[in-house]
Amino acid sequence: MTVRVRFAPSPTGDLHVGSARSALFNYLFARAKGGVYILRIEDTDEERNREEAVRGILGGFEWLGIRADEGPFYQSDRKALYRAKAEELLASGGAYRCVCTVEELDARRKVAQAEKRPYRYERTCRDRKVPDGVPFVLRARLPEDGEVVFEDRILGPIRTGNRELDDFVILRANGTAIYNFCVVVDDVEMGITHVIRGNDHVANTPKQIHLYRLLGKEPPVFAHIPMINGPDGKKLSKRHGAVGVLAWRDLGYLPEAMLSYLSRLGWSHGDQEEFTLAELERLFTLEAVNASAAVFDVKKLEWVNGRLIRRLPAADLAGRIAPMIAARGWDPAAPWLGKAVAALQERSVTLVQMVDGLAPFYAEAVVFDPKAKGKFLTPEALPVLAGLADAVAKVDPFEAGPVGAAAEAWLAAGGHELKKVGQSIRVALTGAAVSPPLWDTMAVLGRERTLARLRAAAAGA
RNA sequence: GCCCCUAUCGUCUAGCCCGGUCUAGGACACAGCCCUCUCAAGGCUGCGACACCGGUUCAAAUCCGGUUAGGGGUACCA
């Protein structure tokens, strides 16, 4: 039987990194098993604008490069199906009508709580003929004794006494279905063989298993993956900073980095720290997923991202940052861009940082950092700058190698140590105390701008 | 409250299933050193963990029980 898995987010607007990882694990499992990965949007909540709510999720997957084999399917399109299935259950006795009102239920629940007694629906309507013409909900008829046991592929055996459960609602008075019911109906309908989802669903699983049985179906294999928490150990949320996958993109992270990092949260393959999607697709196994929660560590993500940036061809990077460059009003087609990127990639952790580093090259005039200027553009440094300009003026080609050779030769002849005058040169060229290596910087600037900046600085500008 | 899950360096993890090879390995972070025109990158070194208590055993990070801590669930939410 071919493996069929699904990721079923409720549309909240953006793809949370925790959701992204759940989706990733599902996707990887499908790929590793030669199975099918399905995307299903659980938008039974109505109201919200579906288009907009779903855009963030689909956009997130598009960025990550995770494509669904089937779907996206929308639960809001399948309401009739749920209703029909619920009625089937009613006919077969698997469900029954309940006319207890929300108010009554709330009151009883309160009493139970006051008495420190766990509240469960007392099955008032279970075996009675309910009056016609009164609003009713449908409740599942669960066994009163015994227990449900399932073998979670990650957590191991999980047993729940049926006494812990109650006859929960599957169809609201308004005729719409409740989550637990939709999930089961859809999973049955879509032929899902493995349900891989967040740990927060383990408590739902026994209920869902009962629903499978009531429907006369065999439950799938369950695998509950651990949660991703913030540094404080609490569920990762907005107050921990960026949680949407697309927000990380905007911060300058590469989808490959996000994928690689996410895969290592709760899963591992020996000591290997970095993975390509292709590697993950053949290496992933549920057996290697651990049971305990993980903390999202931005520092490690940064490390992965930086490694990737260093490793990527400069041309590739230039293409990726082109939109960001254009957004700043700069020319992404600048002929020297490739060289600049090559010089910057070793010292950029994010794409945003890299683009920031481009500023001195795009700037019309040098923008001086006052501190750097005061410290390094000293009177005694100025003649060196003027001399250096002359020394490299005729170098051809004006590339880092030859420029550096000429510059260093001239410096040595004059008894100037690069260690001493380097920063002055740097500030003259870029206005900042930090930049790529000097000769690279000159090569990127080109002969004309290099000489102009050196001479302007020398003249005290 | 009740039910369920989890528990190895600050963080991600290897090891745990099939006890000895573990004076517990790797990575991020942090500190120091080296390299060096700045910043990085890179190299080296250091710091640093089996939550606790019992039990089983010749032997426990590994098996069992309890405690504690954290997380999740407990809806006519998803």
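Labels below follow one simple rule: chain letters A, B, ... track the order of the sequence lines, proteins then strands, and each chain is numbered from 1.
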May I ask you to say what [X] touches in the nucleic acid, namely base, sugar-phosphate or nothing, with a heavy-atom cut-off under 4.0 Å?
X      : answer
A:H201 : base
A:I178 : sugar-phosphate
A:K235 : sugar-phosphate
A:V169 : sugar-phosphate
A:R109 : sugar-phosphate

I'd like a table of atom pairs between the protein and nucleotides 9-19 of chain B - only N or O on both sides, under 3.5 Å - with the distance next to each one.
from	atom 1	to	atom 2	distance (Å)
B:C12	OP1	A:V295	N	2.9
B:C12	O2'	A:R264	O	2.9
B:U13	OP1	A:G266	N	2.2
B:U13	O3'	A:S268	OG	3.1
B:A14	OP1	A:S268	OG	2.8

Can you tell me the distance, in whole Å, between the [atom1] atom of [X] and the [atom2] atom of [N]?
X      : N     : atom1 : atom2 : answer
A:Q113 : B:G1  : CD    : P     : 12 Å
A:I158 : B:G73 : CD1   : C1'   : 12 Å
A:L171 : B:C76 : CG    : P     : 13 Å
A:K234 : B:G70 : NZ    : C1'   : 8 Å
A:D152 : B:G72 : CG    : P     : 18 Å
A:D106 : B:C77 : CG    : C1'   : 14 Å
A:M227 : B:A7  : CE    : P     : 15 Å
A:L165 : B:A75 : CG    : C1'   : 14 Å

Can you tell me, in whole Å, how much space there is between the [atom1] of [N] and that of [M]?
N     : M     : atom1 : answer
B:C4  : B:C77 : P     : 26 Å
B:A60 : B:G54 : C1'   : 13 Å
B:G73 : B:G65 : C1'   : 25 Å
B:U11 : B:C47 : C1'   : 15 Å
B:A49 : B:A41 : C1'   : 30 Å
B:A24 : B:C50 : P     : 11 Å
B:A59 : B:G20 : C1'   : 6 Å
B:U6  : B:U67 : P     : 16 Å

* **Along RNA chain B (nearest heavy atom to each residue), the more 5'-positioned of A:Q423 and A:Q75** =>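 It is A:Q423 whose nearest nucleotide is closer to the 5' end.
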
* To do: Would you kindly compare A:R120 and A:D166 by the position of their nearest RNA chain B nucleotide and give the one closer to the 5′ end?
  =>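 Taking each residue's closest nucleotide, the earlier one in sequence belongs to A:R120.
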
* **Criterion side chain to side chain donor-acceptor pair (under 3.5 Å) on A:N204 and A:Y179, from CA distance to verdict** => CA-CA 10 Å; A:N204 284 325; A:Y179 168 76; 4.8 Å; no

* Sidechain-backbone polar pair: A:D43 side chain, A:S76 backbone, donor-acceptor under 3.5 Å ->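 Checked: pair present.
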
* Is the backbone of A:L312 close enough, under 3.5 Å, to the side chain of A:Q345 for a donor and an acceptor to pair up by distance? ->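 Yes; judged by distance alone, with no hydrogens or angles, the pair exists.
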
First locate atom [atom1] of [X], then atom [atom2] of [Y], and finally report the distance between them rounded to the nearest 0.5 Å.
X      : Y      : atom1 : atom2 : value
A:R311 : A:I309 : CZ    : CD1   : 11.0 Å
A:F29  : A:I196 : CZ    : CD1   : 5.0 Å
A:R21  : A:L262 : CZ    : CG    : 7.0 Å
A:R139 : A:C100 : CZ    : SG    : 6.5 Å

* To do: Among the candidates B:C77, B:G73, B:G1, find the nucleotide nearest to the side-chain atoms of A:K116.
  =>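 Nucleotide nearest to A:K116's side chain: B:G1.
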
* To do: Identify which nucleotide among B:C76, B:C4, B:A29 has an atom closest to any side-chain atom of A:K299, counting heavy atoms from C-beta outward.
  =>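 Nearest to the side chain of A:K299 among the choices is B:A29.
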
So what's [N] paired with, Watson-Crick or G-U wobble, going by both distances under 3.5 Å?
N     : result
B:U23 : none
B:U38 : none
B:A7  : B:U68

Nucleotide N/O of nucleotides 39-42 of chain B paired with protein N/O under 3.5 Å:
from	atom 1	to	atom 2	distance (Å)
B:C39	O2	A:R347	NH1	3.1
B:C39	N3	A:R347	NH1	2.5
B:A40	O2'	A:E346	O	2.9
B:A40	N1	A:E346	OE2	3.1
B:A40	N3	A:E346	OE2	3.4
B:A41	O3'	A:R310	NH1	3.0
B:G42	OP1	A:R310	NH1	3.3

* Asked: Where is the tightest heavy-atom contact between A:A293 and A:N229, given as atom of each residue plus distance?
  ->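 Result for this residue pair: CB-ND2, 3.5 Å.
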
Measuring centre to centre across the rings, with the benzene-like ring taken for any Trp, is [X] within less than 6.0 Å of [Y]?
X      : Y      : result
A:F296 : A:H240 : no
A:Y261 : A:W248 : no
A:F168 : A:F181 : no

* Asked: So is A:R78 actually on top of A:Y74's ring, under 6.0 Å and inside 45° of the axis?
  ->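 Not flagged: A:R78 not positioned over aromatic ring of A:Y74.
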
